[in-house]
Peer 1: 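I have a structure I would like to understand better, so I am pasting it below and will then ask my questions one at a time.
Atoms within a ligand are numbered from 1 in the order they appear, just like the ligands themselves.
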Amino acid sequence: MGKILITGGAGYIGTHTCVELLNSGYEVAVIDNLSNSDRKSLERVKQITSKEVSFYEGDILDSDILGRIFEENKIDAVIHFAALKAVGESVEKPLDYYKVNIAGTLELLNAMKKYNVKKMVFSSSATVYGVNNPAPYKEDMPLSATNPYGTTKVFIERILDDLYTSDNDWAIAKLRYFNPIGAHESGLIGENPNGIPNNLMPFITQVAVGKREYLGVFGDDYETRDGTGVRDYIHVVDLSLGHIKALESLENKKGSEAYNLGTGKGYSVFDIVKAFEKVNHVEIKYEIMPRRAGDIAESYADVKKAERELKWKADKDIEDMCRDSWNWQKNNPNGYK
Ligand code: NAD
Ligand code: UD1
């Protein structure tokens, strides 16, 4: 146990991870510039856990505030979520993505080095498997990217490997998330996208709550069971628990290791729509649209490495994910506003 610095801790996965860390007895400090989140999210974390978070509103590109955090707190390890994450936007604004994701990570790593904190859990993504590997994806497959967002994740993984090579005191877990959905069972925290959602589940919940008329299904002519895209959806609480297991693994394992965090099961867009309708008793209208540029037919994880080395396995099923996503959305139709 000790104090963990969470960058981007006010965001979707960050808030859920704060809750699980606090419930497990860790202390937590958060840095977040609230560019894609609301300070209310951390008040909700407090409401759920009855515990305090040391919150610093600031940017990971700001070395002064990073220094202040390490001076004022005895940080044992860092979980690094802060990043820009919209694939389409990254094609429009590559310089913003390279600055926040790559330069921001470099600032953070420099501060960690200065204060001799050499344990990091990093948010990578299944997107690093690119478009040429066959599913199920295994950690030792070659990495590639087709857009600036993905490139930042591939590049940061490489930076972390090089850092470990230069100094074998570092202990780094690169967690490759598949598709996180769902929300805490309290319905108090959840995903809160700005504007029109890019991802499937927030779009479905906005259709269900009446904010959008219908779901556009991006292609029904893929080579999959029913023609729609297949993904490995994982409940955000399972994902958060994976971070705690990864932190524990860093206690006695130096290196720079990648782990897939998924369930290992693939579900199509139609599977998700049907499951959502069934467990929540709502209708999701949809229309078939053209394929979305950059999409692949199927993506799901080989989860054996995380099971074996982190002693972690996702527990919740697709119905839990659909129920909890809806519970959050219907109780908070306008997110934290
Ligand atoms: P999110 O946008 O909800 O959380 C990111 C947080 O970082 C936000 O609260 C934002 O305000 C903050 N932030 C952004 N730039 C910052 C900066 N310069 N300084 C300080 N704070 C900053 O996103 P999320 O879904 O919780 O994702 C967390 C991480 O997981 C990201 O690195 C993302 O790339 C990665 N990831 C997410 C998914 C997903 O589907 N949600 C999948 C794979 C990987
Ligand atoms: C997207 C990102 C990917 C990122 C991942 C997790 C793109 C091109 N890729 O991928 O880099 O790692 O999120 O955050 O944005 N779908 C619809 N209608 C919608 C939305 C989605 O049919 O309105 C379909 C998609 O075609 C896909 C599935 O639903 O088959 C899941 O989509 P999404 O939630 O965006 O995740 P990914 O495609 O895996």
Peer 1: List ligand 1 atoms under 4.0 Å from Leu34, heavy atoms only on the residue side.
Peer 2: 11 (O)
Peer 1: Count the heavy atoms of every other residue, nucleotide or ligand shown that sit under 6.0 Å from NZ of Lys305, and state whether that count exceeds 12.
Peer 2: yes
Peer 1: Looking at non-hydrogen atoms alone, which of Ala83, Gly14, Gly9 comes nearest to atom 5 (C) of ligand 1?
Peer 2: Ala83
Peer 1: What is the closest protein heavy atom to atom 2 (O) of ligand 1, and at what distance does it sit?
Peer 2: Asn36 ND2, 2.7 Å
Peer 1: Suppose I only count heavy atoms of Gly11 and a 4.0 Å limit; which atoms of ligand 1 are within that range?
Peer 2: 3 (O), 4 (O), 9 (O)
Peer 1: Could you walk me through whether Val273 and Asp271 pass the side-chain contact (heavy atoms from CB on, under 4.5 Å) test, one step at a time?
Peer 2: CA-CA 6 Å; Val273 168; Asp271 290 336; over 6 Å; no
Peer 1: Considering only non-hydrogen protein atoms, determine which one is nearest to atom 7 (O) of ligand 1 and report residue, atom name and distance to 0.1 Å.
Peer 2: Gly8 CA, 3.3 Å
Peer 1: What about Tyr286 and Phe270, are their ring centers closer than 6.0 Å?
Peer 2: yes
Peer 1: Please confirm whether Val100 approaches ligand 1 to less than 4.0 Å, judged on its heavy atoms.
Peer 2: yes
Peer 1: With only distance considered, is Ser125 within less than 3.5 Å of ligand 1 through an N or O on each side?
Peer 2: no
Peer 1: Ignoring hydrogens and geometry, is there a side-chain-to-backbone donor-acceptor pair from Asn147 to Gly294 under 3.5 Å?
Peer 2: no
Peer 1: Quick one: does His16's side chain get under 4.5 Å of Ile189's, heavy atoms only?
Peer 2: yes
Peer 1: Using modelled atom types and a 3.5 Å cut-off, is there a donor and acceptor pairing between side-chain atoms of Lys211 and backbone atoms of Pro333?
Peer 2: yes
Peer 1: Quick check on Lys278: does its NZ atom have over 12 non-hydrogen neighbours (other residues, nucleotides or ligands) under 6.0 Å away?
Peer 2: no
Peer 1: For Tyr222, does the six-membered ring have the charged nitrogen or CZ of Arg291 within the cation-pi criterion, i.e. under 6.0 angstrom from the centroid and within 45° of the normal?
Peer 2: yes
Peer 1: Let me see the working for Ser41 and Asn192 under side-chain contact (heavy atoms from CB on, under 4.5 Å), right down to the final yes or no.
Peer 2: CA-CA 10 Å; Ser41 67; Asn192 184 29; over 6 Å; no
Peer 1: Name the one of Tyr177, Tyr26, Phe122, Trp312 that satisfies ring-ring contact (aromatic ring centres under 6.0 Å, His included) with His243?
Peer 2: Tyr177
Peer 1: Only heavy atoms of Ala10, strictly under 4.0 Å: list the atoms of ligand 1 that pass.
Peer 2: 9 (O)
Peer 1: Would the number of heavy atoms belonging to other residues, nucleotides or ligands and lying under 6.0 Å from OH of Tyr164 be above 12?
Peer 2: yes
Peer 1: Would you check if the side chain of Asp320 reaches a backbone N or O of Lys316 as a donor-acceptor pair within less than 3.5 Å?
Peer 2: no
Peer 1: Any idea which protein heavy atom is nearest atom 33 (C) of ligand 1, and the distance to it?
Peer 2: Tyr149 OH, 3.7 Å
Peer 1: Could an N or O of ligand 1 be found under 3.5 Å from any N or O of Phe81, whether backbone or side chain?
Peer 2: yes
Peer 1: Filter the ligand 2-protein atom pairs down to N or O on both sides and distance under 3.5 Å, then list them.
Peer 2:
residue: ligand 2; atom: 11 (O); partner: Thr127; partner atom: OG1; Å: 3.4
residue: ligand 2; atom: 12 (O); partner: Ser125; partner atom: OG; Å: 3.0
residue: ligand 2; atom: 13 (O); partner: Asn199; partner atom: ND2; Å: 3.1
residue: ligand 2; atom: 18 (N); partner: Gly216; partner atom: O; Å: 2.7
residue: ligand 2; atom: 22 (O); partner: Gly216; partner atom: O; Å: 3.4
residue: ligand 2; atom: 22 (O); partner: Phe218; partner atom: N; Å: 2.9
residue: ligand 2; atom: 26 (O); partner: Asp295; partner atom: OD2; Å: 2.6
residue: ligand 2; atom: 34 (O); partner: Asn199; partner atom: ND2; Å: 3.4
residue: ligand 2; atom: 34 (O); partner: Leu200; partner atom: N; Å: 2.9
residue: ligand 2; atom: 35 (O); partner: Asn199; partner atom: ND2; Å: 3.0
residue: ligand 2; atom: 35 (O); partner: Arg292; partner atom: NH1; Å: 3.3
residue: ligand 2; atom: 35 (O); partner: Arg292; partner atom: NH2; Å: 2.8
residue: ligand 2; atom: 36 (O); partner: Asn179; partner atom: ND2; Å: 3.0
residue: ligand 2; atom: 38 (O); partner: Arg231; partner atom: NE; Å: 3.2
residue: ligand 2; atom: 38 (O); partner: Arg231; partner atom: NH2; Å: 3.2
residue: ligand 2; atom: 38 (O); partner: Arg292; partner atom: NH2; Å: 2.9
residue: ligand 2; atom: 39 (O); partner: Asn179; partner atom: ND2; Å: 2.9
residue: ligand 2; atom: 39 (O); partner: Arg231; partner atom: NE; Å: 2.7

Peer 1: Decide if atom NZ of Lys46 counts as having more than 12 heavy atoms of other residues, nucleotides or ligands within a radius under 6.0 Å.
Peer 2: no
Peer 1: What residue and heavy atom of the protein are closest to atom 14 (C) of ligand 1, and at what distance?
Peer 2: Ser35 OG, 3.4 Å
Peer 1: Among protein heavy atoms, which sits nearest to atom 3 (O) of ligand 1, and what does the distance come to when rounded to 0.1 Å?
Peer 2: Tyr12 N, 2.8 Å
Peer 1: Is the closest heavy-atom distance from Gly104 to ligand 1 below 4.0 Å?
Peer 2: no
Peer 1: When only distance counts, is Ile60 in polar contact with ligand 1, meaning an N/O pair under 3.5 Å?
Peer 2: yes
Peer 1: Does Asp32 reach ligand 1 with a nitrogen or oxygen that is under 3.5 Å from one of the ligand's nitrogen or oxygen atoms?
Peer 2: yes
Peer 1: For atom 40 (O) of ligand 1, what is the nearest protein heavy atom, given as residue, atom name and distance?
Peer 2: Pro180 CD, 3.3 Å
Peer 1: Before signing off on this row, confirm whether Leu84 and ligand 1 have an N or O atom pair separated by under 3.5 Å.
Peer 2: no
Peer 1: side-chain contact (heavy atoms from CB on, under 4.5 Å) for Asp32 and Glu57? Distances and angles first, verdict last.
Peer 2: CA-CA 5 Å; Asp32 199 302; Glu57 182 175 345; over 6 Å; no
Peer 1: Note the single closest protein heavy atom to atom 27 (O) of ligand 1, along with its residue, its atom name and the distance in Å.
Peer 2: Ile13 CD1, 3.8 Å
Peer 1: Do Tyr98 and Pro148 touch side chain to side chain, with heavy atoms closer than 4.5 Å?
Peer 2: yes
Peer 1: Decide side-chain contact (heavy atoms from CB on, under 4.5 Å) for Tyr56 and Val30; before the verdict, give the C-alpha distance in whole Å, the side-chain angles of both, and the deciding distance to 0.1 Å.
Peer 2: CA-CA 6 Å; Tyr56 293 81; Val30 164; over 6 Å; no
Peer 1: For His80, is at least one N or O under 3.5 Å away from an N or O on ligand 1?
Peer 2: no
Peer 1: Answer with side chain, backbone, both or neither: which part of Ser124 has a heavy atom less than 4.0 angstrom from an atom of ligand 1?
Peer 2: backbone
Peer 1: Any idea which part of Glu191 is under 4.0 Å from ligand 1, heavy-atom wise: side chain, backbone, both or neither?
Peer 2: neither
Peer 1: Considering only the protein, which heavy-atom contact is closest to atom 22 (C) of ligand 1, and what is its distance?
Peer 2: Asn33 OD1, 3.1 Å
Peer 1: State, yes or no, whether a side-chain contact exists between Thr17 and Leu21 at a heavy-atom distance under 4.5 Å.
Peer 2: yes
Peer 1: Report, as yes or no, whether the 6.0 Å neighbourhood of atom NZ on Lys253 holds more than 12 heavy atoms from other residues, nucleotides or ligands.
Peer 2: yes
Peer 1: Within a reach of under 6.0 Å around NZ of Lys51, are more than 12 heavy atoms found that belong to other residues, nucleotides or ligands?
Peer 2: yes
Peer 1: At a 4.0 Å threshold, what atoms of ligand 1 neighbour a non-hydrogen atom of Lys85?
Peer 2: 2 (O), 23 (O), 24 (P), 25 (O), 34 (O), 41 (N)
Peer 1: Taking 4.0 angstrom as the limit and counting only heavy atoms of Ser37, give me the atoms of ligand 1 inside it, by number and element.
Peer 2: 8 (C), 9 (O), 11 (O)
Peer 1: Taking distance alone, with N or O pairs closer than 3.5 Å, would you say Ala82 contacts ligand 1?
Peer 2: no
Peer 1: Does Asp59 approach ligand 1 within less than 4.0 angstrom via side chain, backbone, both or neither, non-hydrogen atoms only?
Peer 2: both
Peer 1: Among the heavy atoms of Lys153, does any lie under 4.0 Å from an atom of ligand 1?
Peer 2: yes
Peer 1: Looking only at heavy atoms of Gly58, does any of them come nearer than 4.0 Å to an atom of ligand 1?
Peer 2: yes
Peer 1: With a cut-off of 4.0 Å, which atoms of ligand 1 are near a heavy atom of Ser123?
Peer 2: 29 (C), 30 (O), 32 (O), 35 (C)
Peer 1: Please determine whether the number of non-hydrogen atoms from other residues, nucleotides or ligands lying under 6.0 Å from atom CD of Glu319 exceeds 12.
Peer 2: yes
